[in-house]
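Read the structure below first, then the notes.
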Amino acid sequence: MIPAGVHFRDGIAANLAYWWEQIERLTDAGTHQFIAEQANIILAVELGLALPATQVKTVELLLLAYRFVERCGYWQRWLSVFEKATAVDLKQQPLLTARLLNRQGQLSRLMQQTELAMALHQKAERMAQKISDQQALAEIWFNLSIDHWQCRDYEQADAFGQKALHVFQTVPGNQRWQASMLNTLGLISLHCDHLTEAHKRLQQSTALWRQVDEPTELARVLNNLANTCYQQDQLAAALHYYQEALEHLAPTESALDKAEVLVNLGALYFKWEQYDKAELALRQAASPAVRRSGHLRLRALLALNLGNTLLKQNQLAESEKYLRQSQALWQQLGDELMLANTVGTLAEVLAAQGQVEAAVTYYDNALQLIDNFPANSWAQSLKEEFTTGKSLIDGLVGEPKAGGQLSLTVDHQ
């Protein structure tokens, strides 16, 4: 008679093999299938982690699933699964553990836990260095580059990115990693206002992604390329790339990526003063998937831009509603510069509604937050704009209505 424990182990192993086969054949268009089955996949993973005999296969399944975990937006749910996995002692599997830590760090970063992400990536780096695995190190350096970029430490971000890119360019089979690294280096250049260099790097990334069937990844780079064109005041080119990105995303289930492109498209229409088109794009972005997601920054930016667009159309009550949603999200994220942007825009809405004393208070709060960024050119532009806005109504405190036409700022970071 076969012991009951053996049957249980074999059943778990068979279940893991089944989900491996299902996930391996999924494409971008099948993300909804992953979302529909994620509870069953998580159960399979948790059962697999409980048995020493199936732990390695379970971790390999988790790493395979990461691509869809990242795109589905249920990051907090999956982060707890990765935490359980990294708590398991895989014994003679340091490479597997390093890769697992690397992905856990990525999820932590998506949840805006950047310091934790960097600590996990540094731990993974130490493990990969001990076994001298250059491929694993390059993948970890890729993430450390993004960690430092999010911390606005662009020098370190570029240094880690260049080290990773060198490996990806010299070791065969790394076209996707090379394309991803060039995209990140392009974003670093963009945030350093090196627009020509950003454009070049993003074009190189785009050319590589066009050679493989990865519509979501291609669309992400096209979106960044469009943003760069926007900053270069090449607005027709920006529109072209935004539209192409949406075409590539249309057959996929990448709802968060679609929303990001639509938010940026809305900002472009706003710049052209086509406020009805801007509102339409932003409302399309506000899908149920976005509202349910853990992508707090996207939700905050979407609410901010909707509030701005509605303000321009004099829909003041609804504008205030969205701006207050954005304010709460920026506070949760701890992003003081974007909070200042939102609070200053709220001041404009309050002034337009005749709430002059409240408007002055909000302007003061925004300006106080901006004082924390003396070297940031965008912050100083906001300071000038909000100072002007406040001066228009400062003498009207106690009056029933504010005067003057107030301007508005849209975030493109």
Side-chain angles (χ1 to χ4, degrees), residues 106 109-110 112 114 141-165 168 177-210 216-246 248-249 256-257 259-271 295 297-298 300-302 304-305 333 335 337-338 341 373 375-382 409-413:
Q106 283 183 268
R109 187 176 61 231
L110 287 170
Q112 303 300 314
T114 309
W141 290 336
F142 167 82
N143 273 305
L144 281 167
S145 175
I146 301 176
D147 294 340
H148 284 285
W149 168 58
Q150 284 203 349
C151 293
R152 296 188 173 93
D153 184 355
Y154 300 125
E155 184 176 349
Q156 280 296 311
D158 192 74
F160 276 110
Q162 293 293 350
K163 286 201 302 181
L165 183 63
F168 296 144
W177 279 108
Q178 186 180 339
S180 294
M181 192 69 259
L182 283 165
N183 177 51
T184 298
L185 287 167
L187 290 174
I188 293 167
S189 298
L190 178 60
H191 281 255
C192 292
D193 291 325
H194 300 155
L195 301 182
T196 301
E197 184 179 61
H199 196 109
K200 178 183 176 181
R201 287 172 165 178
L202 292 168
Q203 286 279 25
Q204 291 172 335
S205 178
T206 300
L208 288 169
W209 282 123
R210 289 192 191 281
T216 297
E217 296 295 346
L218 174 57
R220 288 174 175 178
V221 186
L222 288 168
N223 181 49
N224 294 331
L225 188 55
N227 290 344
T228 305
C229 290
Y230 185 104
Q231 297 293 347
Q232 293 173 304
D233 208 30
Q234 300 173 8
L235 302 186
L239 176 62
H240 168 78
Y241 288 125
Y242 287 139
Q243 290 175 333
E244 186 184 353
L246 289 172
H248 287 290
L249 288 170
L256 301 185
D257 290 280
E260 288 191 8
V261 178
L262 286 165
V263 166
N264 291 329
L265 180 60
L268 177 61
Y269 283 131
F270 185 94
K271 189 176 182 70
H295 200 334
R297 182 176 177 81
L298 175 60
L301 186 55
L302 174 56
L304 170 61
N305 287 1
L333 288 165
D335 191 325
L337 185 52
M338 289 306 304
N341 185 22
F373 302 92
N376 186 294
S377 59
W378 184 62
Q380 296 314 301
S381 174
L382 288 176
T409 301
V410 179
D411 168 65
H412 304 295
Q413 290 193 336

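Under the rule for a side-chain contact (heavy atoms from CB on, under 4.5 Å), the partners of Gln112 that lie at least two apart in sequence or sit in another chain are Arg297, Leu333. Listed by chain and number, the residues in a side-chain contact (heavy atoms from CB on, under 4.5 Å) with Gln203 are His199, Leu225, Tyr241 (sequence neighbours excluded). For Asp147, the side chain to side chain donor-acceptor pair (under 3.5 Å) test picks out Arg109, His121, with sequence neighbours left out. With sequence neighbours excluded, the residues satisfying side chain to side chain donor-acceptor pair (under 3.5 Å) with Gln106 are Arg103, Asn143. Taking the side chain to side chain donor-acceptor pair (under 3.5 Å) definition, one finds that Ser189 meets it with Glu197, Arg201, sequence neighbours left out. Qualifying salt bridge (charged side-chain N to carboxylate O under 4.0 Å, His left out) partners for Glu244, counting only residues two or more places apart in sequence or in other chains: Arg210.
Ring geometry for Trp177 versus Phe168: interplanar angle under 30°, hence parallel rather than tilted (30 to 60°).
Here NZ of Lys163 is found 11.5 Å from CE of Met181. Values are rounded to the nearest 0.5 Å. Atom SG of Cys192 and atom CG of Leu187 lie 11.0 Å apart (nearest 0.5 Å). Note that NE2 of His248 is 13.0 Å distant from CG of Asp257, once rounded to the nearest 0.5 Å. Between the OH atom in Tyr230 and the CG atom in Leu190 there is a gap of 12.5 Å [rounded to 0.5 Å]. In this structure, OG1 in Thr184 is found 10.5 Å from CG in Leu165, a value given to the nearest 0.5 Å.
Judged by distance alone, the side chain of Ser145 and the main-chain N or O of Asp158 form no donor-acceptor pair under 3.5 Å. A donor-acceptor pair under 3.5 Å is formed between the side chain of Asn264 and the backbone N or O of Glu260.
Nearest heavy atom pair, residue Ile188 against residue Tyr154, reads CG2-O, 4.0 Å. Nearest heavy-atom pair across Ala238 and Cys229 is N-CB, 3.8 Å. Minimum heavy-atom separation, Ser205 to Ala179: OG-O, 2.7 Å. Of all non-hydrogen atoms in Phe373 and Gln380, the two that sit nearest each other are O-NE2, 2.9 Å.
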Quick one, Trp209 with Leu222, criterion side-chain contact (heavy atoms from CB on, under 4.5 Å). Give me CA distance, side-chain angles, the key distance, then yes/no. CA-CA 10 Å; Trp209 282 123; Leu222 288 168; over 6 Å; no
Full working for side-chain contact (heavy atoms from CB on, under 4.5 Å) between Asp233 and Lys271: CA-CA 10 Å; Asp233 208 30; Lys271 189 176 182 70; 3.9 Å; yes
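Between Leu182 and Leu208 there is a side-chain heavy-atom pair separated by less than 4.5 Å. Proximity of Leu265 to Tyr269: side-chain heavy atoms (C-beta onward) are separated by under 4.5 Å at one or more points. Residues Leu202 and Asn183 form a side-chain contact, since some pair of their non-hydrogen atoms from C-beta on lies under 4.5 Å apart. Residues Tyr242 and Asn227 have side chains in contact (heavy-atom distance under 4.5 Å, counting atoms from C-beta outward).
Environment of NZ in Lys200: sparse, with no more than 12 heavy atoms of neighbouring residues, nucleotides or ligands closer than 6.0 Å.
Screening Leu249, Thr206, Asn223 for a side chain to side chain contact (heavy atoms under 4.5 Å, CB included) with Leu218, the sole residue that qualifies is Thr206.
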